[in-house]
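Take a look at the structure below.
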Amino acid sequence: MLRRTLRLVAAFVMFLSAVAVGTVATAGTAHADGCYTWSRTLSQGASGADVTQLQIRLVGYPGHGAELAVDGQFGPGTTAALKRFQSAYGLASDGVAGSGTYTKLYALQDDDCTPIHFSYGELNDCNTTWSGGAVSAATAKSNALRTMWKLEALRHALGDQPITVTSGFRSVACNNAVGGASNSRHLYGDAADLGAGPHSLCTLAKQARDHGFRGILGPGYPGHNDHTHVDQRSAPFWSAPTCGI
């Protein structure tokens, strides 16, 4: 918390310094961030690696039942997701990523690019290498990062109260040890099991529909009465009969 506070203070001081000498800080250069620093304003029609980085952080804001493509192309879907993100955090909802949007994103991410309320450790209690699953270790870890940004959006929508992740990435060995399905999304690193806490399992399952999860399994679905499962499968499938889903 102290580190993030100091980073925000440094950004504010740098902005005041720029104003004092008669220059205008360009979007994204208010300060250097430990994870990623944007260097230009982004809007519909832009493309590139910086758009990809923005999309990763917006994957939790695609709209009900939708998903946001992470393809480096700033199209209508990215514009709509950005507007939802901006609205969620009290920013001007103009669909343009500039200094205000970047400052909020910097405050929401740690130096390893994970959102501040989730960590790689939470999404992987199987091993430290992310290996042994159905995809390469790099892909599994990348999938987990996107899942965490979706969970961050879910957490914020539910009042910024904690969300407990009880299971994330699993190698084949770890998956077999807990009796997981042979085609479990946990093997891909893009799944998370959520336990009850401040929110009921049904509340989590219902809200997850707005945050880019194509797979949602919860109470009433076989083997899911004690947790809500969310994932990024190829075709949408939601089933939590007890919750009306």
Side-chain angles (χ1 to χ4, degrees), residues 55-71 113-115 117-155 157 163-197 199 201-243 245:
Q55 290 170 328
I56 289 171
R57 290 149 183 80
L58 297 179
V59 290
Y61 292 91
H64 185 81
E67 66 173 329
L68 177 65
V70 180
D71 57 6
C113 299
T114 59
H117 297 108
F118 297 92
S119 69
Y120 283 118
E122 286 180 276
L123 270 290
N124 182 359
D125 60 3
C126 171
N127 60 42
T128 60
T129 62
W130 297 84
S131 62
V135 292
S136 70
T139 297
K141 192 171 183 180
S142 175
N143 288 343
L145 179 62
R146 299 183 191 190
T147 296
M148 282 186 272
W149 280 103
K150 292 179 182 182
L151 291 175
E152 185 70 26
L154 173 62
R155 186 185 191 278
I163 290 177
T164 301
V165 177
T166 61
S167 183
F169 168 76
R170 300 173 191 161
S171 67
V172 173
C174 288
N175 190 59
N176 290 342
V178 298
S182 61
N183 62 343
S184 171
R185 294 308 306 183
H186 291 279
L187 297 168
Y188 296 81
D190 65 14
D193 290 346
L194 312 178
H199 310 292
L201 297 179
C202 283
T203 295
L204 293 169
K206 290 177 179 179
Q207 187 64 44
R209 297 175 295 179
D210 291 342
H211 300 289
F213 292 108
R214 293 171 68 82
I216 303 172
L217 305 174
Y221 186 80
H224 289 72
N225 286 326
D226 61 351
H227 68 280
T228 288
H229 168 98
V230 293
D231 67 46
Q232 180 56 41
R233 60 188 66 201
S234 58
F237 183 75
W238 297 345
S239 184
T242 302
C243 310
I245 297 175

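The basis for the numbers below is simple: all heavy atoms, side chains too, and nothing from hydrogens, waters or symmetry mates.
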Given side chains that start at C-beta, do those of [X] and [Y] come closer than 4.5 Å, heavy atoms only?
{"X": "Asn143", "Y": "Gln232", "answer": "no"}
{"X": "Leu194", "Y": "Val165", "answer": "yes"}
{"X": "Ile216", "Y": "Arg209", "answer": "yes"}
{"X": "Leu154", "Y": "Val230", "answer": "no"}
{"X": "His186", "Y": "Asp193", "answer": "yes"}

Using 30° and 60° as the class boundaries, would you call the ring planes of His224 and His227 parallel, tilted or perpendicular?
tilted
Please round to the nearest 0.5 Å and tell me the distance separating atom [atom1] of [X] and atom [atom2] of [Y].
{"X": "Met148", "Y": "Ile56", "atom1": "CE", "atom2": "CD1", "result": "11.0 Å"}
{"X": "Thr164", "Y": "Leu204", "atom1": "OG1", "atom2": "CG", "result": "9.0 Å"}
{"X": "Lys141", "Y": "Ser131", "atom1": "NZ", "atom2": "OG", "result": "12.0 Å"}

Heavy-atom pair with the smallest gap, counting every atom of [X] and [Y]:
{"X": "Leu201", "Y": "Pro219", "value": "CB-CG, 3.7 Å"}
{"X": "Ile163", "Y": "Phe118", "value": "O-CE2, 4.0 Å"}
{"X": "Asn225", "Y": "Gly220", "value": "OD1-N, 2.7 Å"}
{"X": "Ala137", "Y": "Thr129", "value": "CB-O, 3.3 Å"}
{"X": "Ala144", "Y": "Leu123", "value": "CB-CB, 4.3 Å"}
{"X": "Pro62", "Y": "Val59", "value": "CD-O, 3.4 Å"}

Please identify each residue that fulfils ring pair (Phe, Tyr, Trp, His ring centres under 6.0 Å) with [X], with sequence neighbours left out.
{"X": "Tyr61", "answer": "Phe85"}
{"X": "His199", "answer": "none"}
{"X": "Tyr188", "answer": "none"}

Result block: side-chain N/O donor-acceptor pairs under 3.5 angstrom for residues 171-180, not counting sequence neighbours:
from, atom 1, to, atom 2, distance (Å)
Ser171, OG, Ala173, N, 3.4
Ser171, OG, Cys174, N, 3.1
Asn175, OD1, Arg170, NH1, 2.9
Asn175, ND2, Ala181, O, 2.9
Asn176, ND2, Val172, O, 3.4

The complete set of ring pair (Phe, Tyr, Trp, His ring centres under 6.0 Å) pairs with one or both residues in residues 127-146, sequence neighbours excluded, reads Tyr120-Trp130, Trp130-Phe169
Just by modelled atom types, is the Gln55 backbone N or O under 3.5 Å from a matching donor or acceptor in the Trp149 side chain?
no
Okay, side chain of Ser239, backbone of Leu217: is any donor-acceptor separation there less than 3.5 Å?
no
Which side-chain hydrogen bond (donor to acceptor under 3.5 Å, both in side chains) pairs, counting each pair once, include a residue from residues 211-221, with sequence neighbours left out?
Glu67-Arg214, Gln207-His211
Cys113 and Arg57: side-chain contact (heavy atoms from CB on, under 4.5 Å), yes or no, with the steps?
CA-CA 9 Å; Cys113 299; Arg57 290 149 183 80; 4.0 Å; yes
